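Worksheet for the structure shown next.
Only a predicted model underlies this, so the values are computations on that prediction, with no experimental measurement involved. Below, read A as the first sequence line, B as the second, and so on, with proteins coming before strands; counting in each chain starts at 1.
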Amino acid sequence: MPQRIGFLLECLWHAVHHQPMRITTWNVNSLNVRLPHLLEYLTEFEPDIVALQETKLPDEKFPAPEIEAAGYRVIFSGQKTYNGVAILSRQEAGEIVSGIPEFDDPQQRLLAATIDGVRIVNVYIPNGQEVGSEKYAYKFAWLSAFRDFLKLEMEKHERLVVLGDFNIAPADSDVHDPKRWQGKIMCSDDEREMFAEIINLGLVDTVRELYPDEPMFSWWDYRMNAFRRRWGIRIDHLLATPLMQPAAAGVATDYRARERPSDHAPVWVDFN
DNA sequence: ATGGTAGGGTTCCTA
């Protein structure tokens, strides 16, 4: 009899843990300004997990009450003016890590947590400004430390999603005008090689897996009417271990078309 | 080769 109960409990556990999960990433470019858009997004898409970047808020000014009132728990690692990351979730977040361990960095760009048995690693990878610049060197120092950290995380967690603003367009198919962007920041060979190294740790680019031939842009420059002209690039990604199987994905471009939008649109993936 | 816009914090930095 106890054996049978144990079996039933196990079935129940699996049933609970095999619910589809909607996981999403959005560089909001100031959560202060974008909070109304975020709250609308939560209502419209009902995501299970949301990774935010560029909150641009110190922790004491984070709008946790508004987010909690919308039915989400939230953890955050922010600073004044720049950077800042947060994770919203229906379920509680555990094993929280903020910043890359052993990489001394005043910029708040990484937040990891385990939610519903899935390891979530939210990143705001440095932009790099210009190929060869000081900030470009910082981007690579950051990426090297991040790659090494991710390798360790993947050894500990079979079910893992690393998501966020990578500031890298992995291929020419991720760029509206590959000629104009060739060798430029976010599209240089070295950056793409680093992206491939991260993939080669054993991750799947879930959006590309589901849409091998669509543009799937996630960022459009504020300048030159770039969004209206469809001048976008795909730099926001959700990479997952093979156990995390993507069933559907999309970019909520509508949020880029609104009044006072972020320059990024939310990217979402439903996992089986 | 350059310029254009947005956010935040102030007379400029980052994207």
Side-chain angles (χ1 to χ4, degrees), chain A residues 25-41 51-63 66-67 76-86 99 105-111 122-143 146 163-170 174-188 190-192 194-195 217-237 251-267:
Chain A
T25 178
W26 193 6
N27 179 324
V28 288
N29 186 18
S30 169
L31 185 52
N32 240 349
V33 176
R34 234 63 68 192
L35 184 60
H37 289 191
L38 175 65
L39 296 175
E40 268 184 73
Y41 181 72
L52 301 180
Q53 305 86 34
E54 282 205 274
T55 53
K56 297 187 172 178
L57 282 166
D59 289 348
E60 62 270 21
K61 291 194 177 166
F62 194 92
E66 290 89 337
I67 288 167
F76 41 89
S77 174
Q79 65 185 93
K80 209 172 107 174
T81 313
Y82 302 118
N83 311 308
V85 280
D105 187 5
Q107 303 189 22
Q108 306 306 311
R109 295 179 174 278
L110 182 141
L111 189 59
N122 176 18
V123 288
Y124 175 44
I125 291 175
N127 170 281
Q129 198 163 62
E130 195 181 343
V131 173
S133 69
E134 217 169 277
K135 291 195 174 63
Y136 190 71
Y138 166 67
K139 183 175 197 169
F140 275 85
W142 200 96
L143 277 164
F146 170 59
L163 75 173
D165 178 0
F166 282 64
N167 273 311
I168 300 174
D174 298 314
V175 180
H176 68 93
D177 181 355
K179 245 185 198 156
R180 185 223 171 278
W181 281 92
Q182 187 173 28
K184 297 281 198 302
I185 196 68
M186 302 191 274
C187 297
S188 71
D190 288 342
E191 287 165 279
R192 287 179 171 176
M194 186 54 99
F195 187 86
F217 300 147
S218 64
W219 176 83
W220 300 259
D221 202 308
Y222 282 124
R223 297 165 286 191
M224 311 287 287
N225 272 316
F227 180 70
R228 202 176 48 73
R229 295 154 106 163
R230 309 262 186 268
W231 290 357
I233 61 177
R234 190 177 74 100
I235 56 175
D236 299 272
H237 306 295
V251 183
T253 49
D254 176 50
Y255 285 81
R256 181 62 180 81
R258 287 172 191 227
E259 286 287 310
R260 280 197 100 186
S262 168
D263 44 354
H264 297 250
V267 184

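As rounded to whole Å, 13 Å separates atom P of B:dA15 from atom CG of A:D221. Regarding A:Y124, its OH atom lies at a distance of 14 Å from the P atom of B:dG7, rounded to whole Å. Rounded to a whole Å, the NE2 atom of A:H37 is 14 Å from the C1' atom of B:dG7. Rounded to whole angstrom, the span from the CD atom of A:E130 across to the C1' atom of B:dC13 amounts to 15 Å. The separation between A:N127 atom CG and B:dT14 atom C1' is 8 Å, rounded to whole Å. In this structure, A:N83 atom CG and B:dA15 atom P are separated by 7 Å, rounded to whole Å. For the pair A:W220 CH2 and B:dA15 C1', the interatomic distance rounds to 16 Å; values are reported in whole Å. Atom CZ of A:R260 and atom P of B:dT5 are 16 Å apart (whole Å).
When each of B:dG7, B:dG9, B:dA15 is scored by its nearest atom to the side-chain atoms of A:K80, the top-ranked nucleotide is B:dG9. The nucleotide whose nearest atom lies closest to any side-chain atom of A:Y222 is, among B:dA15, B:dT5, B:dT14, B:dT5. Comparing B:dG3, B:dT14, B:dG7 by their closest approach to the side chain of A:K135 singles out B:dT14. Distance from the side chain of A:M224 is smallest for B:dG4 among the nucleotides B:dG7, B:dG4, B:dA15.
With DNA chain B read from its 5' end, the first of the two nearest nucleotides for A:R34 and A:D165 is the one closest to A:R34. The 5' end of DNA chain B is approached more closely, in terms of each residue's nearest nucleotide, by A:K56 than by the other of A:Q129 and A:K56.
You'll find the side chain of A:H176 stays beyond 4.5 Å of the side chain of A:R230, heavy atoms only. Within the 4.5 Å cutoff, the side chain of A:F140 has heavy atoms near those of the A:E191 side chain.
Using a 4.0 Å heavy-atom criterion, one finds that A:R256 contacts no nucleic acid atom at all. Looking at heavy-atom distances under 4.0 Å, A:N32 makes contact with sugar-phosphate atoms alone, never a base. Among the atoms of the strands shown, none is found under 4.0 Å from any heavy atom of A:F227.
A:Q182 CD: 12 or fewer foreign heavy atoms inside a 6.0 Å radius. Atom CD of A:E259 has 12 or fewer neighbouring heavy atoms from other residues, nucleotides or ligands inside a 6.0 Å radius.
Using C1' as the reference atom, B:dA1 and B:dC12 are 23 Å apart when rounded to the nearest Å. Nucleotides B:dG4 and B:dG8, compared at atom P, are 23 Å apart to the nearest Å. Separation of the P atoms belonging to B:dG9 and B:dT5 is 22 Å when rounded to the nearest angstrom. Rounded to whole Å, the separation between the P atoms of B:dA6 and B:dT2 comes to 23 Å. Nucleotides B:dT11 and B:dG7 place their C1' atoms 16 Å apart, quoted to the nearest Å.
A donor-acceptor pair shorter than 3.5 Å can be found between the side chains of A:N27 and A:E54.
Regarding contacts with the backbone of B:dA15, every side-chain N or O of A:R223 stays at 4.0 angstrom or more from both OP1 and OP2.
Remark: A:R258 is positioned above the aromatic ring of A:Y255, its terminal NZ or CZ atom under 6.0 angstrom from the ring centre and at most 45 degrees off the axis.
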